[in-house]
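Here's the structure we're looking at; comments come further down.
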Number of protein chains: 2
Amino acid sequence: MSLAETSTGVALWRRVADSIEQSIADGTYPRNSKLPGETEIAELHRVNRHTVRRALAALAERGLVRAERGSGTYVEAPRIAYPLRSRTRFSEIVSAGGHEASGKLLSASIEDAPQDLAKHLGLKTGAPLLRIDALRTADRMPICVGSTWVDADRFPDGGKLYEKMQSITKVLAHFGIRDYRREWTNVTAAIADAADAARLDLALGRPVLVVEKLDTEMNGKPLIISRSRFAAERVQFVIEN
Amino acid sequence: MSLAETSTGVALWRRVADSIEQSIADGTYPRNSKLPGETEIAELHRVNRHTVRRALAALAERGLVRAERGSGTYVEAPRIAYPLRSRTRFSEIVSAGGHEASGKLLSASIEDAPQDLAKHLGLKTGAPLLRIDALRTADRMPICVGSTWVDADRFPDGGKLYEKMQSITKVLAHFGIRDYRREWTNVTAAIADAADAARLDLALGRPVLVVEKLDTEMNGKPLIISRSRFAAERVQFVIEN
DNA sequence: ACTTATTTGTTCGTATGTATG
DNA sequence: ACATACATACGAACAAATAAG
């Protein structure tokens, strides 16, 4: 028998990693809890601390745990699966995941369409847009913050309505738009700036997912354009084909 | 007439932002070049430096420019549009964007399937997997680095074949698999660690897009699972519905 | 404000089994 | 058969950040 591997042929550090992953999955190590110290895990598995560190590094790379120097290693809360489909509604997605969805209006205003937004919405530059800035949460935890623009002429007093209804979908329904569909979604990532950190309750320097999307009416007419920033550590986009 | 807006009704900072965006688009400010200093831009537009800062902040939020304290503000290179569709092939996507795609084999090895990979691939835990670690580039610029696993029993000597062919698609074709499709893609974001930074030629602390995906044969049988990390500042995923 | 203990992060060294040629 | 390179594993010590008193 080798030192590095047993008869199974699986590296020791990987077996330790699998074991810890299992303990996370079955709730032995609950979400957001602190794992035992590296030396303690090493004693538990009768391996060297380096072996434990290799295992934890593998789990950290996959986002299952997070090491904090001087403090400990913690189980990451699972990310909300956020499917990007033809039908994509924040509240439906969050509710379907068993969480309580909520939207908080940050500001609503009328502004004149800059070039790029006007182009996406099929309007003229300078056309009046209703802009809604909102923070969306799941179980009181901020998930994303962003701005949404719609043609202001089509939805008079839309800002006040949103404040009451807390849902863009409902505001649109009030104006007779029963359904709409996601046309395209652009996704990239950035580092949380001070504004993100404050509104999303994130530490500075944490990653955010930067999303730009267009919704259209069922006949293909542009309806909603929005730009938002998601706390990457709380969501995982899912694209199914 | 208000102080903040002229007769057009467009905020001053937004007009400055639009102007700078235009200059970036038409090549007046080339990719990766340094913008004039904030005071200089302010003089050009006859506005206060604060107005310029507001404009630059808006562009930075959208990822068009990047401010470096003590150095200057730089034009970000445009991100490669990376569609996530049923048919998703790195080289095709990059070539279609007018870039030169390349793949560099980092390592190929046989390893035993851990629980999660085995489950995704429909194999038993411990089954032999061919693992290919590769770095993919566009125009010599690293785009993503990741690991790909396939059933080792189905593709003997797949590692050596990949080394020659530089393409998973071609290796599979060699074994008679003419086509496959993307089943699902999971996307989230993280911060580049030392390994990412070295392999992707990124600064520490920059964001990476973390992707896990499954490809299947046309009959739905699991074929390829892979985990990769994309330099977020160089790609933008596009989901079209 | 300071000290002390704990915990992760880093860098040495040593040894062994595996793969390559 | 041998040399070399590499991954794996263990041991020890110290640095750096954090938490507690």
Side-chain angles (χ1 to χ4, degrees), chain A residues 1-21 23-24 28-77 197 201-206 233, chain B residues 104-115 117 125-135 145-150 152-153 155-164 190-199 202-206 208 227:
Chain A
M1 192 196 295
S2 77
L3 250 180
E5 301 179 0
T6 69
S7 54
T8 68
V10 178
L12 240 189
W13 65 264
R14 192 181 292 278
R15 289 192 297 171
V16 174
D18 281 347
S19 164
I20 296 173
E21 185 176 356
S23 298
I24 291 173
T28 306
Y29 299 141
R31 317 298 164 192
N32 291 315
S33 69
K34 186 166 169 293
L35 290 185
E38 292 174 352
T39 52
E40 195 174 336
I41 298 179
E43 286 165 10
L44 276 173
H45 290 82
R46 312 291 188 89
V47 299
N48 189 274
R49 184 172 156 237
H50 286 303
T51 310
V52 174
R53 285 183 58 74
R54 183 93 158 80
L56 290 175
L59 296 179
E61 173 134 346
R62 287 175 45 207
L64 272 69
V65 303
R66 155 184 43 93
E68 288 183 14
R69 180 182 198 169
S71 172
T73 306
Y74 299 83
V75 180
E76 288 269 26
D201 192 21
L202 271 181
L204 273 172
R206 302 298 303 162
E233 55 202 51
Chain B
K104 184 187 168 197
L105 178 68
L106 298 178
S107 75
S109 59
I110 305 291
E111 65 181 33
D112 300 272
Q115 292 171 14
L117 292 184
T125 302
L129 295 183
L130 168 63
R131 170 183 174 153
I132 293 172
D133 283 25
L135 174 71
V145 61
S147 306
T148 299
W149 292 269
V150 296
D153 289 335
F155 310 104
D157 285 324
K160 283 172 187 161
L161 288 170
Y162 181 86
E163 198 162 3
K164 273 196 298 190
I191 300 299
D193 59 24
D196 296 328
R199 297 183 297 184
L202 270 182
L204 273 172
R206 301 297 303 160
V208 291
R227 293 184 179 140

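Computation of the quantities below employed the complete heavy-atom set of this structure, encompassing side-chain atoms and omitting hydrogens, waters and symmetry-equivalent molecules. In what follows, every chain begins at residue 1, and chains take the letters A, B, ... in the order their sequences are listed.
Here A:Arg66 does not pair with A:Glu233 in a salt bridge; the nearest charged N to carboxylate O distance is not below 4.0 Å. A salt bridge does not link A:Glu61 to B:Arg227: none of the charged side-chain nitrogens sits closer than 4.0 Å to a carboxylate oxygen.
Taking 4.5 Å as the limit, every side-chain heavy atom of A:Val52 sits out of range of all side-chain heavy atoms of A:His45.
Distance, A:Glu38 CD to C:dG9 P: 6 Å, rounded to whole Å. C:dT18 atom P lies 16 Å from atom CD1 of B:Ile110, rounded to whole Å. If you measure from atom NE2 of A:His50 to atom P of C:dT7, you get 18 Å, rounded to the nearest angstrom. Atom CZ in A:Arg14 sits about 14 Å away from atom P in D:dA7, given to the nearest Å. Atom-to-atom, CG of A:Leu12 to C1' of C:dT16 comes out at 13 Å; the value is rounded to the nearest Å. D:dA17 atom C1' lies 14 Å from atom NZ of A:Lys34, rounded to whole Å. For B:Glu111 and C:dT18, the CD to P distance is 17 Å, given to the nearest whole Å. When rounded to the nearest whole Å, the span between CZ of A:Arg66 and P of C:dT8 equals 13 Å.
Comparing D:dC10, D:dA9, C:dT8 by their nearest atom to the side chain of A:Arg53 picks out C:dT8. Here the nucleotide nearest the side chain of A:Arg69, chosen from C:dT8, D:dC10, D:dT8, is C:dT8. Counting only heavy atoms from C-beta on, A:Ser71 has its side chain closest to D:dA19 among D:dA19, C:dC12, C:dG9. When each of C:dT8, D:dA9, C:dT10 is scored by its nearest atom to the side-chain atoms of A:Thr51, the top-ranked nucleotide is D:dA9. Comparing C:dT7, D:dC10, D:dA13 by their closest approach to the side chain of A:Arg49 singles out D:dA13.
Along DNA chain D, the nucleotide nearest A:Trp13 and the nucleotide nearest A:Glu68 are compared for position; the residue whose nucleotide lies closer to the 5' end is A:Trp13.
Considering every non-hydrogen atom in both A:Ile20 and A:Ile41, the closest pair reads CD1-CG2, 4.3 Å. Minimum interatomic distance between B:Leu135 and B:Arg199 (heavy atoms only, all atoms of both residues): CD1-O, 3.5 Å.
Close to D:dA9, at under 4.0 Å from its OP1 or OP2, lies no side-chain N or O of A:Asn48. Residue A:Arg54 places no side-chain N or O under 4.0 Å from the OP1 or OP2 atom of D:dA9.
Nucleotide D:dA16 is matched to C:dT7 when pairs are restricted to Watson-Crick or G-U wobble geometry with both distances under 3.5 angstrom.
Within the 4.0 angstrom heavy-atom criterion, only backbone atoms of the sugar-phosphate kind lie near A:Thr73; the bases stay farther away.
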